[in-house]
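Have a look at the structure below before the remarks.
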Number of protein chains: 2
Amino acid sequence: MNTKLSTKQITKQLHAEIEHMKSADNKKFATEKEIMERFSVSRMTARQVLDILVTDGLLYREKGKGVFINKRILQQSQYIHSFTELMKERGLTPSSRVLSFKKVVPPEIVRLTLGMPEETRCYCIKRLRLANNQPVAYEIIYTPVELFPNLEKYDFENDSFYRILEQEYLQKFSYDKEVVSATKVVDEIAESLYGKKSGVALKVVDTLYDIEQKPLEYTESWYHAERYSYVSITQKR
Amino acid sequence: MNTKLSTKQITKQLHAEIEHMKSADNKKFATEKEIMERFSVSRMTARQVLDILVTDGLLYREKGKGVFINKRILQQSQYIHSFTELMKERGLTPSSRVLSFKKVVPPEIVRLTLGMPEETRCYCIKRLRLANNQPVAYEIIYTPVELFPNLEKYDFENDSFYRILEQEYLQKFSYDKEVVSATKVVDEIAESLYGKKSGVALKVVDTLYDIEQKPLEYTESWYHAERYSYVSITQKR
DNA sequence: GTATAATTATTGTATATACAATATCAATTT
DNA sequence: AAATTGATATTGTATATACAATAATTATAC
């Protein structure tokens, strides 16, 4: 079989190839012509593939010169916001402990953010997240029962919440908003993270939206100040 | 004169139009055909314009339907990382106080991050950043003297560091990496932010790179925990 | 009236072509 | 030897065309 590859397939393949070229920092990657010939596609298709890889931050173009690898950026994938994948990327073994799993009437800030009518209920999942068996984050997920019915049948100890939404409920995402701040923690959270009555944590409030800008979930996380830092890479067009 | 607009000019114009359509949340924006006819361009050019606006998060496409406005995302521009602009966006009046401006041999972490040879010097600028005259951040900028000679002639009280690099030194940026964590602060920093001997702050370490991935500057900032939070919006393709 | 089919509008993907702008290198001229 | 010119490679911009995939609307059949 010699079925021709689609733009997406070519992009995926080249993406993987770049990821594996670990020591190829700032090296010339390819020319549009090479991509055209290698995959037997037109120049516009080759350009489209390269454009995606440029937008993703893997490559950069220089007029009259060629397309080059943006190696440093690979140290941190830009699109990962799942705890599991982040920890793996940092070479740690992630795990989770479900502290509680309930249906509740949410706090007002959550209800308003998620655009829920009064008195409607949402799932409230509390998890302790660990890396190499050390506590790294205390997390509370809120998501409307109506949106994801029967969520209780999934295993939140060993599964990713994002994966469940994406693959089990076929939910598509559009964007993700995170608000990061420094706070004091007490009681249960301080106890879980530090084993004492109070401490300082990095708080991340995450809201995930679908393609029609409807909020899907609201998650509050408190990260261990010494064991976690939040990394963000912004492309400057 | 009826000179035809370029892709960039059309994009800029539509960008401004979308920004001004404040209450147009989730409304249909345009079809490719309309853009073609309105600006007398080919479909591919119209698509390219819309693609940029989609990548910027202002619009989203739906196959068979059209192109729609992504309104909520406008509440927070994604590409702004300048303190001045961020504060303005939040409706506050920003100002700065230069605490010191020296040439120094940098700490090792800075030297290594900036790829500087041993014993070479860099500028070290300490600023207190305020919003409505209240201290919001204590900031230390490090940048090699070699890269931006005569930096001392600029006014860091009333001018933006980014603007100076961009417009005075014609420096182009590629990307920006920020590492955010929660820390305790003492001495001068605690005193400047909270007026007391110790406190908790949101620490942001920023590294800016040029198009060849060369690091240009290293900035450490400690933000007032109650007066600032870091917001990040990530598009999920 | 309701279900089915056809039509139309719209975005998605792909090809072919042309010329402009920039960078590099070789050939030519001074 | 140095400067200029020209050729070549490469990305940037723009047009024209074709057909596929999806969504909404309209027309038709029952």
Side-chain angles (χ1 to χ4, degrees), chain A residues 2-15 18 26-70 170 172 174 210-213 235-237, chain B residues 2-15 18 26-70 170 172 174 210-213 235-237:
Chain A
N2 217 323
T3 30
K4 212 167 160 181
L5 295 174
S6 70
T7 304
K8 274 184 187 166
Q9 289 170 311
I10 298 171
T11 307
K12 206 173 169 182
Q13 188 177 323
L14 293 180
H15 201 300
I18 296 167
N26 284 24
K27 220 178 76 179
K28 186 162 184 177
F29 177 62
T31 64
E32 294 175 355
K33 208 179 165 190
E34 281 163 28
I35 304 294
M36 285 169 70
E37 285 163 1
R38 177 165 162 207
F39 296 99
S40 311
V41 291
S42 69
R43 189 176 159 214
M44 286 310 276
T45 305
R47 275 184 69 80
Q48 215 188 320
V49 168
L50 294 172
D51 277 341
I52 294 169
L53 296 169
V54 167
T55 305
D56 285 359
L58 279 92
L59 302 175
Y60 65 98
R61 324 177 80 126
E62 283 195 61
K63 196 170 185 172
K65 287 171 131 180
V67 182
F68 303 83
I69 294 185
N70 233 348
L170 304 175
K172 291 195 174 176
S174 155
D210 76 357
I211 46 163
E212 259 133 26
Q213 283 65 62
Q235 294 289 321
K236 310 265 178 189
R237 282 158 293 190
Chain B
N2 217 323
T3 29
K4 212 166 157 181
L5 296 174
S6 71
T7 304
K8 274 183 186 166
Q9 289 170 310
I10 298 172
T11 308
K12 206 172 170 182
Q13 187 177 325
L14 293 179
H15 201 298
I18 296 166
N26 283 26
K27 222 179 74 179
K28 186 161 183 179
F29 178 63
T31 65
E32 293 174 355
K33 210 180 164 191
E34 282 162 27
I35 304 294
M36 285 168 70
E37 286 163 1
R38 176 164 163 208
F39 296 98
S40 312
V41 292
S42 69
R43 189 176 160 216
M44 287 309 278
T45 305
R47 275 184 70 79
Q48 215 189 319
V49 169
L50 293 171
D51 276 342
I52 294 169
L53 296 170
V54 167
T55 305
D56 285 359
L58 279 91
L59 301 175
Y60 65 98
R61 324 178 78 126
E62 282 195 62
K63 196 170 184 171
K65 286 173 133 182
V67 183
F68 302 84
I69 295 186
N70 234 346
L170 303 176
K172 292 195 174 176
S174 156
D210 76 358
I211 47 164
E212 258 135 27
Q213 283 64 60
Q235 294 288 323
K236 309 266 178 187
R237 282 156 296 187

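Each chain gets a letter, A, B and so on, in the order its sequence line appears, and its residues count up from 1. Because the structure is a prediction, the values reported are computed rather than measured.
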Side chains of B:Ile10 and B:Val41 in contact at under 4.5 Å (non-hydrogen atoms): yes
Distance below 4.0 Å between B:Lys65 side-chain N/O and D:dA24 OP1 or OP2: yes
When A:Val67 is tested against each of A:Ile35, A:Leu59, A:Thr31 for side-chain contact (heavy atoms from CB on, under 4.5 Å), which residue passes? A:Leu59
In whole angstroms, how far is the P atom of C:dA16 from the CE atom of A:Met36? 8 Å
Expressed as a whole number of angstroms, how long is the span from B:Lys63:NZ to D:dA24:C1'? 16 Å
Integer-rounded Å distance: D:dT11 P and A:Phe29 CZ: 12 Å
Atom-to-atom span, CD of B:Glu32 to P of D:dT17 - whole angstrom: 17 Å
Output yes when at least one side-chain N/O atom of A:Arg47 is less than 4.0 Å from OP1 or OP2 of D:dT11, else no. no
Considering only heavy side-chain atoms of B:Val41, the closest of C:dT10, D:dT15, D:dT10 is D:dT15
B:Ser6 and B:Gln9 side chains, donor-acceptor separation under 3.5 Å: yes
Quick check on D:dT13: is either OP1 or OP2 less than 4.0 Å from any side-chain nitrogen or oxygen of B:Ser6? no
Please report, rounded to the nearest Å, how far the C1' atom of C:dT11 is from the CD atom of B:Gln48. 16 Å
Does B:Glu34 or A:Thr45 map to a spot on DNA chain C nearer the 5' end, using the closest nucleotide for each? B:Glu34
Within the structure shown, what part of the strands sits under 4.0 Å from B:Ala30 by heavy-atom distance: base, sugar-phosphate, or nothing? sugar-phosphate
Within the pair A:Arg43 and C:dT15, is there a side-chain N or O less than 4.0 Å away from OP1 or OP2? no
The side chain of A:Met44 is closest to which nucleotide in this list: C:dT13, D:dT13, C:dT15? C:dT15
Grab the CG-P distance between A:Leu53 and D:dT11 for me, whole Å please. 14 Å
Check the distance between D:dT11's C1' and A:Leu50's CG and give it to me in whole angstrom. 10 Å
Validation row: B:Ile18, B:Ile69 side chains within 4.5 angstrom (heavy atoms): yes
Beyond-backbone contact of B:Arg61 with B:Phe68, side-chain heavy atoms, under 4.5 angstrom: no
Which whole-number value in Å describes the distance from A:Arg61 CZ to D:dT11 C1'? 7 Å
